[in-house]
Enquirer: 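Structure in structure tokens, see below.
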Amino acid sequence: MKEIVLVKYGEMALKGLNKKTFEDMLTKNIKRRLKSLGSFVCTSAQSTLYIDPQSDDIDLADVVDRVGKIFGIAALCRACVCEKDFADISEKAAEYCGDILSTSKTFKVTAKRSDKAFPMKSPQICAELGGILLERFPNLSVDVNDPEVTVTVEIRDTNAYVHAENIKGAGGLPVGSSGKAMLLLSGGIDSPVAGYMMAKRGVHIAAIHYVSPPYTSDRAQLKVEQLCQKLTDWCGGIAFYCVPFTELQEAIKDHCPEEFFTIIMRRLMMEIAQRIAAKDNCLALITGESVGQVASQTMSAIACTDAVCRIPVFRPCVGMDKTEIIEIARKIDTFETSTLPYEDCCTVFTPRHPKVRPVLSDVEKAQNSFDFEPLIQRAVEGTTMKTFNYEA
Ligand code: ATP
Ligand code: MG
């Protein structure tokens, strides 16, 4: 029996004239993601994408696993390809769905007939196939309201398809359809989640990380690189920028009042991030901040940080509780890596009594007491880049 994967569009199905652009981007993302599994033909019709494996030794479970993490997809399923002939459809339905039908108690049949030339109408397909399956599987009874198994028959352009599973897709919009943004990626729990959430809205992610050797270790950086690698499952390829931040942090410590250490550090991070963002065509910055979580994330502190930003800053975790953020971190498999106990540059020079409600003019005055510009430029020049991609 020939098997394929059917993919149903998410929100992009509602797009008007530029739907084709979204469709092309989704197809490109799927092809790229499946490349290492073998050769596939992808075609689309009526808000559905057909992924047709070109050899028998491709494991469709792997395909479903990977495609399930691609944004822009509402639902997906493995399906059996049939002739547009009811005898073939009913025979294959009994065989293809046999395992699940023989171990379930209730079922129903649904039919979608997008080819109106097919001689049977949908209710007739449901009734007749339902009757055949009842006869073949005496353990079954029909439950149209809450069945354990729904056998779906789709009559489309060239073929009919039968399937009994419907897997929830990752939702959102195809990565790349909304442009690119720069994620400030720490080794913590929140920022990987923030990256995932913006990728879900179609944003292609680049990542930037600040290191302060010898205060922070190579292992701390490696941990962030691991997070970056994990994010590629959802976000696709990621350019990872690593910024040498030691000189700046030492300068803050030597020249600024302690209560403003963190806020000035965050302003310098934003300044560097947007300069690198401009070089890499990123239209916005992304952080994992959440209002009230720590002193540097009060509204007053965020206002002081934002004052240096010339491009939008997206904070998708802003209204979330830590427990909600952790739930997503577990789902995207970054939680365990994030909780490995390596130091971050933020924690190195943490003031004992940070200002909870900093006033912008005070922060500016404190920061202007030293000329950071040459150090900022050196940090930007010293920044290294490497790219991460799906594991082959
Ligand atoms: P996270 O869990 O994402 O580390 P957090 O709750 O620990 O967040 P902070 O340490 O105050 O919060 O950092 C707030 C945000 O600033 C992070 O979500 C991240 O976007 C950015 N950030 C912090 N440290 C770094 C770093 N070393 N490199 C890059 N970005 C950072
Ligand atoms: Mg952190």
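One-based numbering, in listed order, for ligands and for the atoms of each.
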Enquirer: What orientation do Tyr50 and Tyr161 show, parallel under 30°, tilted 30 to 60°, or perpendicular over 60°?
Expert: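 Rings of Tyr50 and Tyr161: tilted, 30 to 60°.
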Enquirer: I need the atoms of ligand 1 closer than 4.0 Å to a non-hydrogen atom of Thr287, numbered in the order shown.
Expert: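 That gives atoms 20 (O) of ligand 1.
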Enquirer: What atoms of ligand 1 come within less than 4.0 Å of a heavy atom belonging to Met269?
Expert: 24 (N), 25 (C), 26 (C)
Enquirer: Heavy atom to atom 12 (O) of ligand 1, shortest distance: which of Gln221, Gln297, Arg266, Lys322 holds it?
Expert: Gln297
Enquirer: Is it true that Arg66 and Asp233 make a salt bridge, defined as a side-chain N closer than 4.0 Å to a carboxylate O?
Expert: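 Looking at Arg66 and Asp233, the cut-off is not met.
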Enquirer: Taking N or O atoms only and a 3.5 Å limit, does Pro192 qualify as a polar contact for ligand 1?
Expert: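 Min N/O separation from ligand 1 is not below 3.5 Å for Pro192.
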Enquirer: Does Glu289 reach the side chain of Val318, with side-chain heavy atoms less than 4.5 Å apart?
Expert: no
Enquirer: Side chain, backbone, both or neither: which applies to Val211 and ligand 1 if a contact is any heavy-atom pair less than 4.0 Å apart?
Expert: neither
Enquirer: Tell me whether Thr383 contacts the main-chain N or O of Ala379 through its side chain, where contact means a donor paired with an acceptor under 3.5 Å.
Expert: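 Yes: the side chain of Thr383 pairs with the backbone of Ala379.
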Enquirer: Pull out every atom of ligand 1 sitting under 4.0 Å from any heavy atom of Gly288, numbered as shown with elements.
Expert: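 By the 4.0 Å cutoff, the relevant atoms are 17 (C), 18 (O), 20 (O).
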Enquirer: Quick check on contacts: which atoms of ligand 1 are under 4.0 angstrom from a heavy atom of Ile208?
Expert: 29 (C)
Enquirer: Can you tell me if Lys105 uses its side chain to pair, donor with acceptor, with the backbone of Glu148 under 3.5 Å?
Expert: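 Checked: no pair found.
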Enquirer: Parallel under 30°, tilted from 30 to 60°, perpendicular over 60°: which one fits the rings of Phe240 and Phe388?
Expert: perpendicular
Enquirer: Side chain or backbone, does Gly187 bring an N or O within less than 3.5 Å of an N or O on ligand 1?
Expert: no
